[in-house]
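Below is one structure, written out as structure tokens; the observations come after it.
This one's a predicted model, so the numbers in the text were calculated from it and none came from an experiment. Excluded from the calculations below are hydrogen atoms, water molecules and symmetry mates; all remaining heavy atoms, backbone and side chain alike, are included.
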Amino acid sequence: MVPLGWVGGSVGLLLAAAVSMYANSLLGRLHLLGGKRHIRYRDLAGHIYGPKMYKITWAMQYVNLFMINTGFIIIAGQALKALYLLISTDGAMKLPYCIAVSGFVCALFAFGIPYLSALRIWLGFSTIFSLTYIFAACVLSLKDGFRSPPRDYSIQGEPSSRVFTTIGAAASLVFAYNTGMLPEIQATVQAPVVKNIEKALWFQFTAGSVPLYAIIVIGYWAYGNQTTTYLLNNVTGPVWIKAVANLAAFLQTVIALHIFASPMYEYLDTRFGSKVGGPFAMHNVIFRVGVRGGYLAVNTLMAAALPFLGDFMSLTGALSTFPLTFVLANHMYLVANRQRLSSLQKSWHWLNIVFFTVLSITAAVAALRLIARDSKTYHIFADV
């Protein structure tokens, strides 16, 4: 909302939801292609295109999930720093330190949860933590908004720089709605899988989006163009409420990261792990500590070195969300159904492919420019 304003941001949110819903529904319909279930994105791409595209798709998905995980660690670090500043104002805990602690906690959680299906009750806690953060942030923002003088909602920056921030914001919008791992999620859905995933998608992009819209609109209304990427850095109110909200945000991020890291964990476990003994056999625990700990150490190092959350969202949307969710989904659907599609339908899918390819390239350039700009303003391992 900050780089787009009321009109651009509102229209962008709705358009991003519509195109994301459409692209994910295309992908969901390909789950039973060829009479078999394709439970991984790369498996589906490999079935349609062959082994080379299997590897390319896995690489793009890896980039997507790696960047998402890096963003989660940045969020966790910001939440932890905000929590610390409520307790002490000595400034000893800089953001890079908080990010390092966050990465360590995420690693401990990864060691103890061997499979995605083992989350179980943690998914319930995840919902509670999310709603706690959203409710507290919305209430405190509303309080501040009603008590504050008129806010400035103008779009800041020179006209030349606004072009890049607008394109970067578009990438952030699609990043907010998409996971890049719909086939992996659909693998957990009960039969009929295609019909049920479409129901889930409709719920996600209607009722499920209401909390997202609420916190975005209320936050921007309350603070205008001074709204930060982590809303709790703006709010004022009782310390205990802000502490609970920050703690909920931190814990939710730990669980969410594990979900998005699971495809990588599953690949590493299958490719290099032992098939002997249970998940908590000593040699399997040691393997998880080494492999998952190493993976998260790299994530944490990047998060601490370049803690620019908004820029990472833009870059992730450009490099992976656009290609995986929009370009590849449309092309796979086109290839899989080329005998049944009319010329008009084929032209529509090609239009989507070309448009989102161009948008992906321009968004990547814009995101890299934003990162370069922020890297000049702040040094690496900055306490932003």
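The neighbour count for Ile87 CD1, taken as heavy atoms of other residues, nucleotides or ligands under 6.0 Å away, is above 12. Annotation for Lys36: atom NZ does not count as buried by contact number, only 12 or fewer foreign heavy atoms lying within 6.0 Å. Residue Phe205 qualifies as enclosed at atom CZ: its count of foreign heavy atoms under 6.0 Å is above 12. The number of heavy-atom neighbours closer than 6.0 Å to NZ of Lys143, taken from other residues, nucleotides and ligands shown, is above 12. Heavy atoms of other residues, nucleotides or ligands lying less than 6.0 angstrom from CZ of Phe125 number 12 at most. Within 6.0 Å of atom CZ in Phe104, 12 or fewer heavy atoms from other residues, nucleotides or ligands are found, so the atom counts as exposed in its surroundings. No more than 12 heavy atoms of other residues, nucleotides or ligands sit less than 6.0 Å from atom CH2 of Trp122. Heavy-atom contacts from other residues, nucleotides or ligands closer than 6.0 Å to OH of Tyr153 number more than 12.
A donor and an acceptor atom, one from each side chain of Tyr84 and Asn246, are nowhere located under 3.5 Å apart. A side-chain N or O of Asn330 and one of His349 form a donor-acceptor pair less than 3.5 Å apart.
Grouping the Ile, Leu, Val, Met, Phe, Trp and Tyr side chains by contacts below 4.5 angstrom, directly or via other members, places Val63 apart from Tyr54. Taking hydrophobic clusters as Ile, Leu, Val, Met, Phe, Trp and Tyr residues chained together by side-chain heavy-atom distances below 4.5 Å, Ile73 shares a cluster with Val298. In the hydrophobic clustering of this structure, Phe356 groups with Trp348; members are Ile, Leu, Val, Met, Phe, Trp, Tyr whose side-chain heavy atoms approach within less than 4.5 Å, directly or through other members. Linking Ile, Leu, Val, Met, Phe, Trp and Tyr residues whenever their side-chain heavy atoms come within less than 4.5 Å leaves Val194 and Leu201 in two separate clusters. Under the 4.5 Å side-chain heavy-atom criterion for Ile, Leu, Val, Met, Phe, Trp and Tyr, Tyr62 and Ile39 are members of distinct hydrophobic clusters.
Rounding to the nearest 0.5 Å places CD1 of Ile197 at 8.5 Å from CG of Asn24. Here the CG-OG1 distance, from Leu27 to Thr325, works out to 7.5 Å after rounding to the nearest 0.5 Å. Between atom CG of residue Leu231 and atom CD1 of residue Ile215 there is a gap of 5.5 Å, rounded to the nearest 0.5 Å. With rounding to the nearest 0.5 Å, the separation of SG in Cys106 from CZ in Phe111 is 10.5 Å. Note that OH of Tyr220 is 14.0 Å distant from OG of Ser141, once rounded to the nearest 0.5 Å. Distance CG/Leu232 to CD/Gln78: 10.0 Å, rounded to 0.5 Å.
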Problem - Leu257 and Leu296: CA distance, side-chain angles, deciding distance, side chain to side chain contact (heavy atoms under 4.5 Å, CB included) verdict - result: CA-CA 10 Å; Leu257 182 146; Leu296 289 171; 3.6 Å; yes

Practice task
Please step through side chain to side chain contact (heavy atoms under 4.5 Å, CB included) for the pair Arg292 and Leu268, ending with a clear verdict.
Solution key: CA-CA 9 Å; Arg292 296 185 182 187; Leu268 293 172; 5.7 Å; no

Exercise for the section: Apply side chain to side chain contact (heavy atoms under 4.5 Å, CB included) to the pair Leu334 and Lys346, showing each step before the final yes or no. Expected result: CA-CA 7 Å; Leu334 180 64; Lys346 290 178 181 179; 3.7 Å; yes

Practice task
Begin with the C-alpha distance, continue with both residues' side-chain angles, and end with the deciding distance and a verdict on side chain to side chain contact (heavy atoms under 4.5 Å, CB included) for Leu341 and Arg338.
Solution key: CA-CA 5 Å; Leu341 295 176; Arg338 57 179 174 268; 5.8 Å; no

Using atom types as modelled, flag every donor-acceptor pair under 3.5 Å from a side chain in residues 7-21 to any protein atom, sequence neighbours excluded.
| unit_1 | atom_1 | unit_2 | atom_2 | d |
| --- | --- | --- | --- | --- |
| Ser10 | OG | Trp6 | O | 2.7 |
| Ser20 | OG | Ala16 | O | 2.6 |
| Ser20 | OG | Asn178 | ND2 | 3.0 |

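Ring geometry, Tyr133 versus Tyr230: the interplanar angle falls under 30°, so the pair is classed parallel (tilted spans 30 to 60°).
Under the 4.5 Å side-chain criterion, counting only non-hydrogen atoms from C-beta, Ser209 is in contact with Tyr177. You'll find the side chain of His38 stays beyond 4.5 Å of the side chain of Leu30, heavy atoms only. In this structure, Asp43 and His47 have side chains that are not in contact, with every pair of non-hydrogen atoms separated by 4.5 Å or more. The closest side-chain heavy-atom distance from Phe355 to Phe326 is not below 4.5 Å. In this structure, Tyr41 and Met60 have side chains that are not in contact, with every pair of non-hydrogen atoms separated by 4.5 Å or more. Taking 4.5 Å as the limit, every side-chain heavy atom of Met264 sits out of range of all side-chain heavy atoms of Leu65. Taking the side chain as every heavy atom from C-beta outward, Tyr223 and Val235 approach each other to under 4.5 Å. Looking at heavy atoms from C-beta onward, Ile255 lies in side-chain contact with Phe109 at the 4.5 angstrom threshold.
Among Ile134, Leu251, Thr253, the single residue meeting the side chain to side chain contact (heavy atoms under 4.5 Å, CB included) criterion with Phe129 is Leu251. Tested against Glu184, the residues Arg40, Arg42, Gln61 include a single side chain to side chain donor-acceptor pair (under 3.5 Å) partner, Gln61. Exactly one of Thr166, Thr165, Ile167 qualifies for a side chain to side chain contact (heavy atoms under 4.5 Å, CB included) with Val163. That residue is Ile167.
Without hydrogens or angle criteria, Arg151 side chain to Gly145 main chain gives a donor-acceptor distance under 3.5 Å. Without hydrogens or angle criteria, Lys81 side chain to Ala76 main chain gives no donor-acceptor distance under 3.5 Å. Side-chain N or O atoms of Asn234 include one that pairs as donor or acceptor with a backbone N or O of Gln226 at under 3.5 Å.
For residues 195-205, the salt bridge (charged side-chain N to carboxylate O under 4.0 Å, His left out) pairs, not counting sequence neighbours, are Arg29-Glu198.
Contact record, Leu4 with Leu173: CD1-CD1, 3.9 Å, taken as the closest heavy-atom pair. Nearest heavy-atom pair, Gly224 versus Val2, reported as atom, atom and distance to 0.1 Å: O-CG2, 4.0 Å. Here the closest heavy-atom approach between residue Ile99 and residue Ala303 is recorded as CD1-O, 3.5 Å. Among all heavy-atom pairs drawn from Ala23 and Ala329, the shortest one is O-CB, 3.9 Å. Listed here is the closest heavy atom pair of Pro279 and Tyr115: CB-OH, 3.7 Å. Across all non-hydrogen atoms, the minimal contact from Gln252 to Ser126 is OE1-OG, 2.5 Å.
Tyr295 meets the side chain to side chain donor-acceptor pair (under 3.5 Å) test with Asn69; sequence neighbours excluded.
Aromatic rings of Tyr49 and His331 (six-membered ring for Trp) have centroids within the 6.0 Å cut-off, being under it.
The residues Asp269 and Arg288 are annotated as not salt-bridged, no charged nitrogen and carboxylate oxygen being separated by less than 4.0 angstrom.
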